[in-house]
Amino acid sequence: MSKKALLVTRVSGFVPQFEMNNVRILQEMGYEVHYAANYNTVVYGEDNTRLADTGIRRHSIHFCRSPFSFAVWRSYKELVQLMLEEKFDLVHCHMPITGVLARKAAEKVRRMTGRRAKVIYTAHGFHFFDGAPPGNWLYYFPERHYARYTDKLILINQEDYERGSHFPVRGSVEFVPGVGMKPMPESNPGFNLRDQYGIPQDHRIVISVGELTEAKNQTALVHAMDRFRREKLTCLICGAGAMKESLDQEIKEMYLQDKVILAGYCNNIPDMLRQSDYYAFPSQREGLSVALMEAMQAGLPVMAADIRGNHDLIQDGEGGFLFMENLPEDYAGALAYFMKYPDEAERMGRWNQKQVENFSLDVVEKRMREIYADEQGEC
């Protein structure tokens, strides 16, 4: 009888976007991989088709975003029932809400049956961090409490690792540098970014990739573009999300429709990055951003907030610029510098290409194989 592993995330797009290498590792180790998520809430894609032909068994759970919703109790009971029925050997959970619910459910099942699955939790960036709003620190208490039901707590940046190392983890705290960067796919010779979006051939392109949310702070980039109305520069913002309509309205109110393009969700990000000149990342909270690493891999100079995760990747003045205040004028100043000193921009991009090798798939895969093998050996 094969061993069973359960992956748990609140939204269904997370595993195909970030965790398929871990799925492959588990399957190679002999696990039947199951995936519990809310399949009606898709992020990082438009539907669930990327899970087809993966060998993953899917279980729909009514996870919700708010920890204060009555639906939380319902999803917890569904998760307990699933664990009782399938008798998983390993549970690997992600995201704050599902990280709590999965660990709580696994502990409930242990008390009911005496059978304990090994539990791994990857925190892709604690909500509480240096400089976070006071309300974010409310997440500290459940994260610390449920560490006692965690066999491996995986943290992906140095600030979280230093803080999490003091949690009362049942097993151990592990540092893994992100989800692992694959080599960039070969370019598509038929794709032309400027033709696709009507960007003049003599314009420089600043690109930003991320879900359109308040935390991603794309509005700072929109306001920065106000300074470049008469410059040969176009801004391309890739992503979908709740802030789409308000950003679109803001762009229209500022009469920047010919300078800022909302591209929506894009499937060909590597080609878009290759054909851009600069990368802007105004996000106000990150764990260790894959989008940022993809831009580094493409050889783009970066401008971003000086926050946890980002300063694990970018050295200010070497790979680009990091901003403490993270204001529109910061991005406007950096863009002006890149345009005035193209040789410096190219040098920074080359530095990023070298730096991101430290976060390659090979490095991360080696660590994850060690972690999974350790838990397998203890079962």
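Quick caveat: nothing in here was measured; it's all calculated off a predicted structure. For the single chain, residues carry numbers from 1 onward in sequence order.
For Glu325, the side chain to side chain contact (heavy atoms under 4.5 Å, CB included) test picks out Leu327, Asp330, with sequence neighbours left out. With sequence neighbours excluded, the residues forming a side chain to side chain donor-acceptor pair (under 3.5 Å) with Asp226 are Arg229, listed by chain and number. For Asp343, the salt bridge (charged side-chain N to carboxylate O under 4.0 Å, His left out) criterion is met by no residue, not counting sequence neighbours. For Thr49, the side chain to side chain donor-acceptor pair (under 3.5 Å) partners are Asp47, not counting sequence neighbours. Taking the salt bridge (charged side-chain N to carboxylate O under 4.0 Å, His left out) definition, one finds that Glu86 meets it with Lys4, Arg57, sequence neighbours left out. For the salt bridge (charged side-chain N to carboxylate O under 4.0 Å, His left out) test, residues two or more places apart in sequence or in another chain that qualify with Arg110 are Glu107. Applying the side chain to side chain donor-acceptor pair (under 3.5 Å) rule to Thr9 yields the partners Tyr35; only residues at least two apart in sequence or on another chain are considered. Take Asp248 and apply the salt bridge (charged side-chain N to carboxylate O under 4.0 Å, His left out) test, not counting sequence neighbours, and it matches Lys252. Lys366 meets the side chain to side chain donor-acceptor pair (under 3.5 Å) test with Glu370; sequence neighbours excluded.
The shortest non-hydrogen separation linking Met272 to Ser276 is O-OG, 2.7 Å.
When hydrophobic side chains of Ile, Leu, Val, Met, Phe, Trp and Tyr are connected at separations under 4.5 Å, Trp351 ends up as a singleton with no cluster partners.
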Name every donor-acceptor pair, under 3.5 Å, that has one atom in a side chain of residues 127-137 and the other anywhere in the protein, sequence neighbours excluded.
residue: Asp130; atom: OD1; partner: Arg163; partner atom: NH2; Å: 2.9
residue: Asn136; atom: ND2; partner: His127; partner atom: O; Å: 3.0

Compile the donor-acceptor pairs under 3.5 Å between side chains in residues 93-105 and protein atoms, sequence neighbours left out, one pair per line.
residue: His94; atom: ND1; partner: His124; partner atom: NE2; Å: 2.8
residue: Thr98; atom: OG1; partner: Arg10; partner atom: N; Å: 3.4
residue: Thr98; atom: OG1; partner: His94; partner atom: O; Å: 2.5
residue: Arg103; atom: NE; partner: Gly99; partner atom: O; Å: 2.8
residue: Arg103; atom: NH1; partner: Tyr146; partner atom: O; Å: 3.4
residue: Arg103; atom: NH1; partner: Thr150; partner atom: OG1; Å: 3.0
residue: Arg103; atom: NH2; partner: Glu143; partner atom: OE1; Å: 3.2

